[in-house]
Visitor: 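First the structure, which I've put down as structure tokens, then a few questions once you've had a look.
FYI, the numbering just counts along the sequence from 1.
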Amino acid sequence: MKNKDGKPHQSDKSSWKVPVALTVVVLCGLSFYLGGIFCSERERYVAEAVDKAVNTPTGTATVPVQIKAVSFPECSAEYQDYTPCTDPKRWHKYGRHRLAFLERHCPPSFERQECLVPPPDGYKSPIRWPKSKNECWYRNVPYDWINKQKSNQHWLKKEGEKFLFPGGGTMFPNGVGAYVDLMQDLIPQMKDGTIRTAIDTGCGVASWGGDLLDRGILTVSLAPRDNHQAQVQFALERGIPAILGIISTQRLPFPSNSFDMAHCSRCLIPWTEFGGVYLLEVHRILRPGGFWVLSGPPVNYQRRWRGWNTTIEEQKSDYDKLQELLTSMCFKLFNKKDDIAVWQKLSDNSCYKKLDNPENYPSKCDDGTEPDSAWYTPLRPCVVVPNPAAKKVKLDALPKWPERLHAAPERVSDVRGGSAGSFKHDDGKWKARAKHYKKLLPALGTDKIRNVMDMNTLYGGFAAAVVNDPLWVMNVVSSYAPNTLSVVYDRGLIGTIHDWCEAFSTYPRTYDLLHLDGLFSAESHRCEMKYVLLEMDRILRPNGYAIIRESSYFVDAIATMAKGMRWSCRKEETEYGVEKEKILICQKKLWYSKQNS
């Protein structure tokens, strides 16, 4: 042994040989003992079902996970519309201030259900698109509240065994088509491919989003699970993109500068209260140059105030306050006619420089919170200023649809390891994969599959590859993965951030196809496989499909658990036939609760 200067050490070697040898033996024994504990905990998917699992220190599998057969029981019939993280039975535990009880509040681990959610009595396979946009089976969403309370507004009406959707709404009782026609006259960018993505806050039964689909605009319809009963469930049953959510105390699960357009049609959000914090969140998720559309109070108060149980002075005050707030946030009034007013988020940096003045309200957000952080991130009463260096995030700087779908977005370079080259490679890879999937699952690309979720996308490659099929894709980016959702939105697709250790923000039986690519390989160290699969079963429609692309290490265990959920699965080769990766094609069986007639 030598010192730093290269000279030999003068100590007697015999004095440390025995202690070192003894230390090595002790450490080896301790590491073997601790390794056994942690490995056994990591692979404890179903306590009584685990047979054998081996995981090497490098993360490569030597022996695939093997588990004993397991059978999951049925949940009771009262769980037929169970939404674990927005459960009305748990609302009383949370505050009423700003309706925070309607936000996500997931149950603790000891309250998680380990059973299969049953369909309603008399459930039928959903009506196929495009017919489903106008009608659905009553038994699939058996709720009459909207039908009874909003009958004069023509949201929907019950006729025999079906609900029909005439296309009405509070601000467009005579039909959504004429309403959107007027909107397009006010916003010409809706007609030429400039506007591609939109969000509808307080969506009702998503008639606005449904109409925009025919005009080439993809809308995320957003509503809480509230007293309107099943707004989002109706939307998804119709085949229209929707998600449970509310602007309350936390950011929406979307990155900043995402949507080309935002809409509120008498959505009853108190925009000017609490320092305008709800408007600030709309500002955050709207890209520079994007549009915010408001219809309902206080717009057109001069004609409408008598029907709003208020005075014209109060409504004028509300409108002036709204306009003042929007101006302070760097919005400008773009156009207005009848019941519709349109504001545009400015892309000129000169307005945002005024926010540097500490006396102005709202102020500019500091660097303490990442602009794209959107998973359980508190709302803040400040303006998230667009990055002036990001020139191609602005609405008028993006290629028009459909060219923007395959153009490498500027923000791909913000992703670690991301580049235009890696984007193009990913785009080509998914074209080949989608072609292979259609051979394995001929229903993909037909009217049998409408609502699709890509459970762990990177850039939305799968969604882009099937964009011409009669379906839409909810692209999910893990809250623990690199945040690539901004790239998804920049290419004209939609999605959300989510943590698969928790339940997704949707009703049961709302997706026809679930796709995942290495989700268990990426998340099994955090999320127990059993609960992820049970959540997949909850949100998948009976007779729906799952394409599970996964490491050979996990596929057999997944197939065994899927059989316990009454799924049928078959193992297939990937398009390249590699041994380390396999594809499971699964289908969920239609069954009925024993408690129902």
Visitor: The criterion is side chain to side chain donor-acceptor pair (under 3.5 Å); which residues satisfy it with Glu572, sequence neighbours excluded?
Guide: Arg570
Visitor: Would you say the side chain of Glu237 lies within less than 4.5 Å of the side chain of Tyr507, judging by non-hydrogen atoms?
Guide: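 When only atoms from C-beta onward are counted, Glu237 and Tyr507 do not touch, as no gap falls below 4.5 Å.
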Visitor: So, Asp260 and Arg287, do they make that salt bridge, N to O below 4.0 Å?
Guide: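 Yes.
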Visitor: Which heavy atom in Met455 sits nearest to a heavy atom in Met536, and how many Å separate them?
Guide: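 Heavy atoms of Met455 and Met536 come nearest at CE-CG, 3.6 Å.
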Visitor: To the nearest 0.5 Å, what is the distance between CG on Leu513 and CZ on Arg450?
Guide: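 The distance works out to 13.0 Å.
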Visitor: Can you name the closest pair of heavy atoms from Gly122 and Arg139 and give their distance?
Guide: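 So the minimum-distance heavy-atom pair works out to O-CB, 3.4 Å.
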Visitor: Is it true that Glu281 and Arg284 make a salt bridge, defined as a side-chain N closer than 4.0 Å to a carboxylate O?
Guide: yes
Visitor: Can you list everything that forms a side chain to side chain contact (heavy atoms under 4.5 Å, CB included) with Ala242? Sequence neighbours excluded, please.
Guide: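 Testing Ala242 for side chain to side chain contact (heavy atoms under 4.5 Å, CB included), a comparison that skips the adjacent residues, returns Ser221, Val232, Ala235, Leu236.
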Visitor: Among Leu213, Ile195, Leu212, find the one that has a side-chain contact (heavy atoms from CB on, under 4.5 Å) with Leu218.
Guide: Leu213
Visitor: Does the gap between the ring centers of Trp129 and Trp472 come in under 6.0 Å?
Guide: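 No; Trp472 has its ring centre 6.0 Å or more from that of Trp129.
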Visitor: Any idea how Tyr179 and His263 line up, ring-wise: parallel (<30°), tilted (30 to 60°), or perpendicular (>60°)?
Guide: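 Rings of Tyr179 and His263: perpendicular, over 60°.
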Visitor: My understanding is that only residues two or more places apart in sequence, or in another chain, count here; which of them pass ring-ring contact (aromatic ring centres under 6.0 Å, His included) with Phe254?
Guide: Phe259
Visitor: Checking side-chain polar atoms at under 3.5 Å, does Glu114 have a donor or acceptor matched by the opposite partner on Tyr531?
Guide: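 Checked: Glu114/Tyr531 side chains pair up, N/O donor to acceptor below 3.5 Å.
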Visitor: Taking the side chain as every heavy atom from C-beta outward, state whether Thr86 and Pro224 have any pair of such atoms under 4.5 Å apart.
Guide: no
Visitor: I'd like to check Arg98 versus Tyr278 (side-chain heavy atoms, cut-off strictly below 4.5 Å). Are they in contact?
Guide: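 Heavy-atom side-chain distance check passes, below 4.5 Å.
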Visitor: Provide the closest heavy-atom pair for Ala230 versus Val141 in the form atom of the first, atom of the second, distance.
Guide: CB-CG1, 3.9 Å
Visitor: Kindly write out the residues that satisfy side chain to side chain contact (heavy atoms under 4.5 Å, CB included) with Cys501, not counting sequence neighbours, or none if the list is empty.
Guide: Asp499, Arg526, Cys527
Visitor: Could I get the full list of side chain to side chain contact (heavy atoms under 4.5 Å, CB included) partners for Glu111, not counting sequence neighbours?
Guide: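 By the side chain to side chain contact (heavy atoms under 4.5 Å, CB included) rule, Glu111 matches Arg90, Lys93, Pro107, Pro108.
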Visitor: Test of understanding: with side chain to side chain contact (heavy atoms under 4.5 Å, CB included), list the residues that count as partners of Lys158, not counting sequence neighbours.
Guide: Tyr138, Asp144, Asn147, Phe163
Visitor: Report the C-alpha distance between Cys75 and Tyr82 in whole Å, list the side-chain angles of each, state the deciding distance to 0.1 Å, and finish with yes or no for side chain to side chain contact (heavy atoms under 4.5 Å, CB included).
Guide: CA-CA 10 Å; Cys75 301; Tyr82 182 48; over 6 Å; no
Visitor: Would you check, one step at a time, whether the test side chain to side chain contact (heavy atoms under 4.5 Å, CB included) holds for Asp318 with Thr310?
Guide: CA-CA 11 Å; Asp318 287 349; Thr310 182; 5.9 Å; no
Visitor: Establish, for the pair Arg433 and Trp430, whether the NZ or CZ atom is under 6.0 angstrom from the six-membered ring centre and no further than 45 degrees off its axis.
Guide: yes
Visitor: Could you go step by step and tell me if Thr496 and Val476 meet the side chain to side chain contact (heavy atoms under 4.5 Å, CB included) rule?
Guide: CA-CA 5 Å; Thr496 183; Val476 181; 4.3 Å; yes
Visitor: So which pairs with a foot in residues 98-118 pass ring pair (Phe, Tyr, Trp, His ring centres under 6.0 Å), sequence neighbours left out?
Guide: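 For residues 98-118, and leaving out neighbouring residues, the ring pair (Phe, Tyr, Trp, His ring centres under 6.0 Å) pairs sorted by first residue read Trp91-Phe101, Tyr94-His105.
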Visitor: Quick one, Leu533 and Phe520 - any side-chain contact, counting heavy atoms below 4.5 Å?
Guide: yes
Visitor: Inspect the surroundings of CD in Gln302 and state if more than 12 heavy atoms from other residues, nucleotides or ligands are less than 6.0 Å away.
Guide: yes
Visitor: Determine, for Arg112 against Glu535, whether the closest basic-nitrogen to carboxylate-oxygen distance falls under 4.0 angstrom.
Guide: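 Looking at Arg112 and Glu535, the cut-off is not met.
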Visitor: Taking only residues two or more places apart in sequence or in another chain, which ones pass salt bridge (charged side-chain N to carboxylate O under 4.0 Å, His left out) with Lys89?
Guide: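 Salt bridge (charged side-chain N to carboxylate O under 4.0 Å, His left out) check on Lys89 returns Glu78.
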Visitor: If I take atom CD1 from residue Ile240 and atom OG from residue Ser132, how far apart are they, to the nearest 0.5 angstrom?
Guide: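 Answer rounded to 0.5 Å: 7.5 Å.
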Visitor: Where do Cys106 and Tyr376 come nearest, in terms of heavy atoms and distance?
Guide: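 Heavy atoms of Cys106 and Tyr376 come nearest at SG-OH, 3.8 Å.
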Visitor: Taking 4.0 angstrom as the limit, do Asp81 and Arg225 come out as a salt bridge?
Guide: no
Visitor: Of all heavy-atom pairs between Trp567 and Leu540, which one has the smallest distance, and what is that distance?
Guide: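 The pair with the smallest heavy-atom distance is CZ2-CD2, 3.9 Å.
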Visitor: How many angstroms lie between atom CD of Gln80 and atom OG of Ser593, to the nearest 0.5 angstrom?
Guide: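 Result: 9.0 Å between the selected atoms.
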Visitor: Is the closest basic N to carboxylate O distance between Lys191 and Asp185 below 4.0 Å?
Guide: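 The answer is yes: the pair qualifies as a salt bridge.
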Visitor: Can you list everything that forms a side chain to side chain donor-acceptor pair (under 3.5 Å) with Asn456? Sequence neighbours excluded, please.
Guide: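 For Asn456 there are no side chain to side chain donor-acceptor pair (under 3.5 Å) partners, ignoring immediate neighbours.
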Visitor: Could I get the full list of salt bridge (charged side-chain N to carboxylate O under 4.0 Å, His left out) partners for Arg215, not counting sequence neighbours?
Guide: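 Applying salt bridge (charged side-chain N to carboxylate O under 4.0 Å, His left out) to Arg215 gives Asp181, Asp211.
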Visitor: If you draw a 6.0 Å radius around NZ in Lys563, do more than 12 non-hydrogen atoms from other residues or ligands fall strictly inside?
Guide: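 No, not enclosed.
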Visitor: Not counting sequence neighbours, which residues clear salt bridge (charged side-chain N to carboxylate O under 4.0 Å, His left out) with Lys337? List them please.
Guide: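 Result, salt bridge (charged side-chain N to carboxylate O under 4.0 Å, His left out) vs Lys337: none returned.
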Visitor: Less than 4.5 Å apart, any side-chain heavy atom of Arg509 and any of Pro120?
Guide: yes
Visitor: Could you tell me if the side chain of Val117 sits less than 4.5 Å from the side chain of Asp537, heavy atoms only?
Guide: no
Visitor: Starting at OG1 of Thr219, measure out to CD1 of Ile494 and round the result to the nearest 0.5 Å.
Guide: 8.0 Å
Visitor: What's the shortest heavy-atom distance between Thr560 and Ala69, and which atoms?
Guide: CG2-CA, 3.9 Å
Visitor: Can you name the salt bridge (charged side-chain N to carboxylate O under 4.0 Å, His left out) partners of Glu135, sequence neighbours left out?
Guide: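 For Glu135, the residues satisfying salt bridge (charged side-chain N to carboxylate O under 4.0 Å, His left out) (neighbours in sequence not counted) are Lys131, Lys162.
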Visitor: Does any part of the side chain of Ile547, heavy atoms only, come nearer than 4.5 Å to the side chain of Ile583, both counted from C-beta?
Guide: yes
Visitor: Between Tyr511 and Thr506, do the side chains contain an N or O donor and an N or O acceptor separated by less than 3.5 Å?
Guide: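 No, Thr506 and Tyr511 have no side-chain donor paired with an acceptor closer than 3.5 Å.
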Visitor: Can you confirm whether His498 sits close enough to Trp375 that some side-chain heavy atom of one is under 4.5 Å from a side-chain heavy atom of the other?
Guide: yes
Visitor: Take Lys133 and Phe165 through the test side chain to side chain contact (heavy atoms under 4.5 Å, CB included) and record every step on the way to the result.
Guide: CA-CA 8 Å; Lys133 191 174 81 167; Phe165 301 93; over 6 Å; no
Visitor: Salt-bridged, Arg541 to Asp512, with N to O below 4.0 Å?
Guide: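 Answer for the salt bridge query: yes.
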